[in-house]
Amino acid sequence: LFTYPALMAADILLYGTHCVPVGEDQRQHVELARNIAQRFNSVYGDVFTMPEAVIPKVAARVMSLSEPEKKMSKSNPNENSYVLVMDKPEDIMRKFKRAVTDSEGGIYRSPEKPGVSNLIEIYSAVTGKTFEEVENEFNGQGYGVFKPAVGEAVVECLRPIREETERLLADKASLEALYRQGAEKAANIAYKTLRKVHKICGGTVIEWNDELYNTMLFEHIQRFEMENRTLMPQVASFEKIISSIERAIGDKQALAKQR
């Protein structure tokens, strides 16, 4: 509750981020990053980039499929309440067919119809249609038609993302080169910002040893390979990749401080 907003602000400011795409529920975290940047810059000069939250006009807060009064979250123990990017088409269809609506019938947005309103927003977001167009399209039809239609639209929206992810995960050599290149690029940006802050604040300026860093990064890549002999097309694989890179960067920073 207390550390996550600070960590998010650090991630934003460390990389000189201009635009931060977030949902409505993350707006306050971007505002915290802006407040920190504004306060720091007012004291030490123009150091941090002032980030701007980019919030979609439609589906900025997607609600749970099983409890439409609550935000959709993958931490929900009910797997039918949320949709993952890497879910199989048949799983996505099953989740939307089981989505909670109401007994009234009628496909239109209303505070009294949170489940239907949520599905309309999702359908609008993935098809580009307005709410009015969605309501007109399904006017006079039942939920038995509407819910599968929303599921099919989501499946087609996520299909190219899932297929491209599977293609990348199948090419292990290219994937390793890609995440190594990304880690080095991100580290260079971060270290420049960190050095600037250290100089301004009068702290010790850390001189990074690139050879040592590359060695440690390689060791963490090897560790990742041992844990993942076969890369599977799952989101968890991405999380392990990112974790491996973060461990490498963290070790480098720890050694630099010891020096």
Side-chain angles (χ1 to χ4, degrees), residues 1 3-5 7-8 21-27 29 55-56 58-105 107 109-129 134 138 141-170 175 179 224 227-244 246:
L1 178 62
T3 58
Y4 177 76
L7 289 172
M8 182 172 174
V22 292
E24 180 61 40
D25 59 310
Q26 297 290 311
R27 182 192 295 271
H29 297 318
I55 300 175
V58 179
R61 182 187 290 267
V62 180
M63 310 307 286
S64 166
L65 297 180
S66 60
E67 300 175 275
E69 298 83 6
K70 299 180 180 179
K71 186 187 74 170
M72 182 180 288
S73 172
K74 65 179 183 294
S75 61
N76 192 313
N78 181 1
E79 65 176 14
N80 291 315
S81 68
Y82 56 84
V83 174
L84 299 176
V85 173
M86 296 302 291
D87 274 348
K88 296 179 181 179
E90 56 268 27
D91 293 333
I92 294 176
M93 291 300 299
R94 185 191 73 251
K95 292 178 181 183
F96 276 100
K97 287 179 180 179
R98 295 180 178 178
V100 172
T101 49
D102 53 61
S103 59
E104 176 189 344
I107 300 171
R109 296 174 72 245
S110 168
E112 285 72 40
K113 299 170 71 68
V116 176
S117 298
N118 186 41
L119 294 178
I120 290 175
E121 288 207 20
I122 293 173
Y123 190 78
S124 173
V126 299
T127 62
K129 298 179 180 179
V134 176
F138 295 97
Q141 300 190 56
Y143 298 149
V145 174
F146 178 53
K147 292 197 288 185
V150 179
E152 290 174 1
V154 172
V155 167
E156 292 308 312
C157 178
L158 296 179
R159 186 184 302 279
I161 301 173
R162 186 183 66 256
E163 291 178 350
E164 178 65 7
T165 300
E166 291 171 348
R167 185 190 69 81
L168 291 171
L169 289 174
L175 183 62
Y179 68 69
F224 170 77
E227 296 172 354
N228 300 270
R229 292 296 182 184
T230 303
L231 291 174
M232 300 298 291
Q234 300 175 357
V235 174
S237 298
F238 281 126
E239 292 175 347
K240 288 189 177 182
I241 292 171
I242 294 171
S243 177
S244 177
E246 288 177 341

So the ring pair (Phe, Tyr, Trp, His ring centres under 6.0 Å) pairs with at least one residue in residues 60-99 (sequence neighbours excluded) are none
Correct closest heavy-atom pair for Gly142 and Ile107 would be O-CD1, 3.9 Å
Salt bridge (Lys or Arg N to Asp or Glu O under 4.0 Å) filter on Glu24, not counting sequence neighbours, yields Arg27
Could you tell me whether Arg109 and Glu121 have a side-chain N and a carboxylate O separated by less than 4.0 Å?
yes
Quick one: list whatever passes ring-ring contact (aromatic ring centres under 6.0 Å, His included) with Phe138, sequence neighbours left out.
Tyr123, Phe146
Listed partners of Lys70 passing side-chain contact (heavy atoms from CB on, under 4.5 Å), at least two apart
Glu67
Checking the side chain of Asn118 only, and the main-chain atoms of Pro68 only, is there a donor and an acceptor separated by less than 3.5 Å?
no
Specify the closest pair of heavy atoms between Gly151 and Ile92, including all atoms of both residues, with the distance to one decimal.
O-CG2, 4.0 Å
Taking side-chain hydrogen bond (donor to acceptor under 3.5 Å, both in side chains) as the test, write out the residues that go with Glu156, two or more places apart.
Arg159
Going by heavy atoms in the side chains, are Val150 and Ile120 under 4.5 Å from each other?
no
Residue among Lys95, Arg162, Arg94, Lys74 satisfying salt bridge (charged side-chain N to carboxylate O under 4.0 Å, His left out) with Asp87:
Lys95
Evaluate the side-chain proximity of Val83 to Ile122: yes if any heavy-atom separation is below 4.5 Å, no if none is.
no
Between atom CG of Leu175 and atom CG of Leu169, what is the distance when rounded to the nearest 0.5 Å?
6.0 Å
Qualifying residues under salt bridge (Lys or Arg N to Asp or Glu O under 4.0 Å), relative to Glu164, sequence neighbours excluded:
Arg167
Results of side-chain hydrogen bond (donor to acceptor under 3.5 Å, both in side chains) for Ser75 - residues two or more places apart only
Ser73
Side-chain contact test, heavy atoms from C-beta onward, threshold under 4.5 Å: evaluate it for Thr101 versus Lys147 and give yes or no.
yes
Less than 4.5 Å apart, side chain to side chain, heavy atoms only: is that true for Glu152 and Met93?
yes
With sequence neighbours excluded, residues passing side-chain hydrogen bond (donor to acceptor under 3.5 Å, both in side chains) with Arg98:
none
Residues at least two apart in sequence or cross-chain that pass side-chain contact (heavy atoms from CB on, under 4.5 Å) with Ser66, listed by chain then number, are Ser64, Asn78, Ser81
The criterion is side-chain hydrogen bond (donor to acceptor under 3.5 Å, both in side chains); which residues satisfy it with Lys71, sequence neighbours excluded?
Asp25
Using every non-hydrogen atom in the two residues, find where Ile55 and Ala60 come nearest and quote the distance to one decimal.
CG2-CB, 3.6 Å
Residues forming a side-chain contact (heavy atoms from CB on, under 4.5 Å) with Ser110, sequence neighbours excluded
Tyr108, Glu112, Lys113
Please name all residues satisfying side-chain contact (heavy atoms from CB on, under 4.5 Å) with Ile161, sequence neighbours left out, ordered by chain then number.
Val85, Leu158, Thr165
